[in-house]
Amino acid sequence: MAKISPSILAADFSCLRDKVLALEGKVDYFHLDVMDGHFVPNISFGPIIAKALRKITDTPIDVHLMVENPADFVEWFAPYGPEIVAVHYEVCPNLYRLINRIKELGSKAFVALNPHTPVLALEDILPYIDGVLIMSVNPGFSGQKFIEGTYRKVELLHKLREARELDFEIMVDGGVSPSNAEKLVSSGADILVMGSAVFGAEDPVSVCEQVRKLGRY
């Protein structure tokens with residue numbers, strides 16, 4: 001069964017509590033897109049949103065750090081107990097060290113890849129991480145068009161996982177919707193991040209229930 005992580009960035013912040021509670025028990029995580037205006041050309045939010053979510057819901061938090069100095073942010077989010085913390089390969093010269101620190105703080109360590117970064121860039125570190133986040137749009141803004149080459153990257157990563165008998169998870173983020181979710185899951189994806197497809201839908205719960213039923217073939 002596919003896991004769903006709705007991106008809070010796409011929600012209406014004037015009624016965030018209601019939007020979150022409506023999905024309680026229907027999703028596996030809430031995804032936090034953290035942007036610093038440097039690594040990506042946008043600014044979103046910081047740990048204060050994680051703190052607020054912890055008061056609203058018991059659903060695990062999934063933090064995606066689209067920032068130039070992820071080591072700092074890892075420490076700032078730690079008090080709010082994120083289940084997953086994803087850092088970008090493109091800005092981590094000491095990736096092993098940061099992966100170990102994320103785990104020491106009690107979170108699963110994921111490594112994110114921009115659309116132009118090849119999967120094989122992670123070949124040596126795959127045994128040490130809990131997951132890979134494949135960006136299926138250029139990071140920085142919600143509502144972008146899904147990049148078709150993502151399927152090939154997911155398939156390659158899934159084949160590497162099977163060939164090396166590893167158990168990391170594959171997450172896909174960007175332009176994910178019910179129209180491409182089935183193909184992503186059959187390609188090997190485990191966790192689907194959906195923003196506009198969920199929070200922009202007339203019936204967000206129905207969208208999540210539909211996608212969560214998907215299983216790998």
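Any value given below was found using the heavy atoms of this structure, including those in side chains, with hydrogens, waters and symmetry copies removed.
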Minimum heavy-atom separation for [X] to [Y], with atom names?
X    : Y    : answer
V211 : A2   : O-CB, 3.6 Å
S196 : A10  : N-CB, 3.6 Å
A189 : V172 : CB-CG2, 3.9 Å
N180 : G175 : ND2-O, 3.0 Å
Q210 : P178 : NE2-CB, 3.7 Å
A201 : P204 : O-CD, 3.6 Å

Using only atom types and a distance under 3.5 Å, with no angle test, would you say the side chain of [X] pairs donor to acceptor with the backbone of [Y]?
X    : Y    : result
T59  : Y29  : no
E169 : I191 : no
S177 : A197 : no
N42  : M35  : no

In Å, rounded to the nearest 0.5 Å, how long is the span from [atom1] of [X] to [atom2] of [Y]?
X    : Y    : atom1 : atom2 : answer
I102 : L105 : CD1   : CG    : 8.0 Å
L192 : S7   : CG    : OG    : 13.0 Å
D167 : E162 : CG    : CD    : 12.5 Å
L126 : F168 : CG    : CZ    : 4.5 Å
K51  : W76  : NZ    : CH2   : 15.5 Å
E24  : I56  : CD    : CD1   : 10.0 Å

(request) For residues 84-124, pull every pair meeting ring-ring contact (aromatic ring centres under 6.0 Å, His included), keeping only residues two or more places apart or in separate chains. (result)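 Non-adjacent pairs meeting ring-ring contact (aromatic ring centres under 6.0 Å, His included): F39-H88, H64-H88, Y96-Y128.
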(message) Against H31, only a single residue in V63, D62, I61, I8 fulfils side-chain contact (heavy atoms from CB on, under 4.5 Å); can you say which?
(response)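 Single pass found, and it is D62.
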(message) If we check side-chain contact (heavy atoms from CB on, under 4.5 Å) with F199, which of these qualifies: L16, V207, L23?
(response)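 Of L16, V207, L23, side-chain contact (heavy atoms from CB on, under 4.5 Å) with F199 is met by L23 alone.
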Does one hydrophobic cluster hold both [X] and [Y], with members joined at side-chain heavy-atom distances below 4.5 Å?
X    : Y    : value
V91  : I125 : yes
L9   : F13  : yes
L156 : L113 : yes
L166 : L120 : yes

Is there a side-chain contact between [X] and [Y] (heavy atoms, below 4.5 Å)?
X    : Y    : answer
F77  : V85  : no
L95  : V87  : yes
I4   : K26  : no
L184 : L214 : no
M135 : V137 : yes
I84  : D130 : no

(request) Report yes or no: do S44 and D33 form a side-chain donor-acceptor pair below 3.5 Å? (result)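 No, no side-chain donor-acceptor pair sits under 3.5 Å.
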(message) Is the distance from the ring center of F146 to that of Y151 below 6.0 Å?
(response)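 Yes: the rings meet the under 6.0 Å criterion.
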(request) For E83 and D28, run side-chain contact (heavy atoms from CB on, under 4.5 Å): C-alpha distance rounded to whole Å, both residues' side-chain angles, the deciding distance at 0.1 Å, then the answer. (result) CA-CA 10 Å; E83 176 80 7; D28 301 277; over 6 Å; no
(message) With side-chain contact (heavy atoms from CB on, under 4.5 Å) as the criterion, how do L53 and L32 come out once you've worked through the C-alpha distance, each side chain's angles and the decisive distance to 0.1 Å?
(response) CA-CA 10 Å; L53 282 175; L32 302 187; 3.5 Å; yes
(request) Run the numbers on D36 and N69 for side-chain contact (heavy atoms from CB on, under 4.5 Å), then give the verdict. (result) CA-CA 9 Å; D36 64 354; N69 298 300; 5.8 Å; no
(message) Just to verify, which of R212, K3, R161 counts as forming a salt bridge (charged side-chain N to carboxylate O under 4.0 Å, His left out) with D190?
(response)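 The passing option is R161.
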(message) Less than 4.0 angstrom from a charged side-chain N to a carboxylate O is my criterion; do R101 and E104 meet it?
(response)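 Looking at R101 and E104, the cut-off is met.
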